[in-house]
Engineer: 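Got a structure here, written out as structure tokens. Questions coming.
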Amino acid sequence: MCAADFVLYEEEFKHLEEALRRLRQEANAKAVFLIDKNGQQIASAGETEQFDTTSLASLTAGNVAATDGLAKLIGEREFSVLFHEGQQDHIHISIVAKRAILVVIFDDRSSLGLVRLRVKRASVELEKIFEVMMQKGERGAQGSIHASPFSEITDDDIDALFGE
Amino acid sequence: MTFINYASKEINCKIVFYGPGLCGKTTNLQYIYNKTAPESKGKMISLATEADRTLFFDFLPLDLGSIRGFTTRFHLYTVPGQVFYDASRKLILKGVDGVVFVADSQEERMEANIESIRNLEQNLKEHGFDLATIPYALQFNKRDLPSVVPVEEMYRTLNYKREPTFEAVATTGVGVFDTLKSVAKQILIELKKR
Ligand SMILES: Nc1nc2c(ncn2[C@@H]2O[C@H](COP(=O)(O)OP(=O)(O)OP(=O)(O)O)[C@@H](O)[C@H]2O)c(=O)[nH]1
Ligand SMILES: [Mg+2]
């Protein structure tokens, strides 16, 4: 019934974070975020404390979803890049591996040209990691990697969550 | 589509509040926001018109504690109920794990309720979901108003698959958490099955 769950394991998480760290450094950016198209944050690097990352993820996903809708409306498959220019900070948004959103926040210590270039390179790397994730996810679904921690949850566990 | 993160030990689920215009979806989220401890919630985002109608969505992240060492997080969204916002409604349903349908109990809104459930069914289908199997709760809101339809009659008209049903007054919070808990439980039970 539902689309397959999105499962992220330790190893790929580390690889994603490494790739993001490198991108942040090479692009001279303030912060970079990788967000699931449904609005959930996957990984990040840089000065992330200064942002409300949960809101950022949800609004970015909304923004991308609306833009995708616009693209279809005029007969485009997608707009692959969004760029918002501010007084000081700018935000570069692109799609990676069809299902994730890469967000780069930068100021005048960097430039759009540099960010674009580095994002392109990082995207290739990120896509490879996603491929591994998808393969693992499929195998995981057949129970060969992790036993799901949820297979044994009880009604009591669930009730406890609501402080009953 | 639940997001399970083994690295940070988190599960994230998405719940969407659906229903016709002015039925009280945003009010449900506002009540939940107001009654949740600061450490368990994030900022509530409302993308609304100047007249306080939802334009794109409301968003409220809730952190309910942990199950088996996994932090369990629910992302609550509302859709814009006005008929002409259908394109936006479709977008919000992407990746949904569970739906709350907020029905307006007033006699004159029955047609709108029926129409909105039909719209929900159709929009879920476009994302490959089936209302018959997705975690789902039905709320009869605005029970405090004078012109309400009797509960039995509403149930007969609106119930889709014998889903859990709740009477509510979202403005004062009656039934609000019961509705949320019901759909959250169904989502977690669904996770257990996989
Ligand atoms: N009397 C009464 N009024 C309610 C109740 N719930 C919501 N309202 C009122 O109904 C109006 C609309 O509520 P909203 O929560 O904004 O409705 P909505 O479903 O988000 O509407 P859209 O964003 O247009 O789809 C507000 O004035 C609320 O105060 C209720 O249980 N009883
Ligand atoms: Mg609203």
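Just so we're on the same page: letters track the sequence lines, and every chain starts at 1. We use all heavy atoms of the structure for the numbers below, so side chains are in, but hydrogens, waters and symmetry mates are not.
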Engineer: Under 6.0 Å from the NZ atom of A:Lys120, do we count more than 12 heavy atoms belonging to anything else shown?
Structural biologist: no

Engineer: Look up atom CG in B:Leu47 and atom OG in A:Ser58, then write down how far apart they are to the nearest 0.5 Å.
Structural biologist: 7.5 Å

Engineer: Heavy atoms only: give me the nearest B:Tyr77-A:Asn38 pair and the separation to one decimal.
Structural biologist: OH-O, 3.9 Å

Engineer: Between CZ of A:Phe6 and CD1 of B:Ile11, what distance do you get to the nearest 0.5 Å?
Structural biologist: 15.0 Å

Engineer: Please determine whether residues A:Leu126 and A:Phe33 belong to a single hydrophobic cluster, defined as Ile, Leu, Val, Met, Phe, Trp and Tyr linked transitively by side-chain heavy-atom distances below 4.5 Å.
Structural biologist: no

Engineer: So what's closer than 4.5 Å to chain A heavy atoms on B:Ser66: side chain, backbone, both or neither?
Structural biologist: backbone

Engineer: Does A:Leu102 belong to the same Ile/Leu/Val/Met/Phe/Trp/Tyr cluster as A:Leu8, with side-chain heavy atoms less than 4.5 Å apart forming each link?
Structural biologist: yes

Engineer: Please find the pair of heavy atoms, one from B:Phe3 and one from A:Gln40, that lie closest to each other, and give the distance.
Structural biologist: CB-OE1, 3.2 Å

Engineer: Does any backbone or side-chain atom of A:Ile42 lie under 4.5 Å from a heavy atom of chain B? Answer side chain, backbone, both or neither.
Structural biologist: both

Engineer: Tell me whether A:Leu16 is reachable from A:Ile105 by hopping between hydrophobic residues (I, L, V, M, F, W, Y) whose side-chain heavy atoms are closer than 4.5 Å.
Structural biologist: no

Engineer: If hydrophobic clusters are built from ILVMFWY residues whose side chains come within less than 4.5 Å, do B:Leu131 and B:Tyr155 share one?
Structural biologist: yes

Engineer: By a 4.5 Å heavy-atom criterion (distance strictly below it), what part of B:Leu64 contacts chain A: side chain, backbone, both, or neither?
Structural biologist: both

Engineer: Does B:Glu39 have more than 12 heavy atoms from other residues, nucleotides or ligands lying within 6.0 Å of its CD?
Structural biologist: yes

Engineer: Tell me, side chain or backbone of A:Gln41 under 4.5 Å from chain B's heavy atoms, or both, or neither?
Structural biologist: backbone

Engineer: With a sphere of 6.0 Å drawn around CD of A:Gln25, does it hold more than 12 non-hydrogen atoms of other residues, nucleotides or ligands?
Structural biologist: no

Engineer: If we only count heavy atoms from C-beta on, is the A:Leu161 to B:Thr72 side-chain gap below 4.5 Å?
Structural biologist: yes

Engineer: Is it the case that atom CZ in B:Arg53 sees more than 12 heavy atoms from other parts of the structure closer than 6.0 Å?
Structural biologist: yes

Engineer: In this structure, are over 12 heavy atoms from other groups packed under 6.0 Å from B:Glu126 atom CD?
Structural biologist: yes

Engineer: If you compare all heavy atoms of A:Gly62 against all heavy atoms of B:Phe57, which two are closest, and at what distance to 0.1 Å?
Structural biologist: CA-CE2, 4.0 Å

Engineer: Just so I understand: if I count every heavy-atom pair under 4.5 Å between each of A:Asp157, A:Thr54, A:Asp68, A:Asp52 and chain B, which residue has the most?
Structural biologist: A:Asp157

Engineer: Given a strict heavy-atom distance threshold of 4.5 Å, which part of B:Leu91 is in contact with chain A: side chain, backbone, both, or neither?
Structural biologist: side chain

Engineer: Do the non-hydrogen side-chain atoms of A:Asn63 and B:Phe56 ever get within less than 4.5 Å of each other?
Structural biologist: no

Engineer: Between B:Gly65, B:Ala7, B:Ser8, who has the most heavy-atom pairs with chain A when the cutoff is under 4.5 Å?
Structural biologist: B:Ala7

Engineer: Please answer: with hydrophobic residues joined when any side-chain heavy atoms are less than 4.5 Å apart, are B:Ile32 and B:Val169 in the same cluster?
Structural biologist: no

Engineer: Out of curiosity, A:Glu10 CD to B:Asn5 CG, how far, rounded to the nearest 0.5 Å?
Structural biologist: 8.5 Å

Engineer: Can you tell which of A:Gly69, A:Ala65, A:Ala43 has the highest number of heavy-atom pairs within less than 4.5 Å of chain B?
Structural biologist: A:Ala65

Engineer: Out of B:Lys14, B:Lys90, B:Lys43, return the one with the most heavy atom pairs under 4.5 angstrom to chain A.
Structural biologist: B:Lys43

Engineer: Are there more than 12 heavy atoms of other residues, nucleotides or ligands under 6.0 Å from atom CZ of A:Arg116?
Structural biologist: no

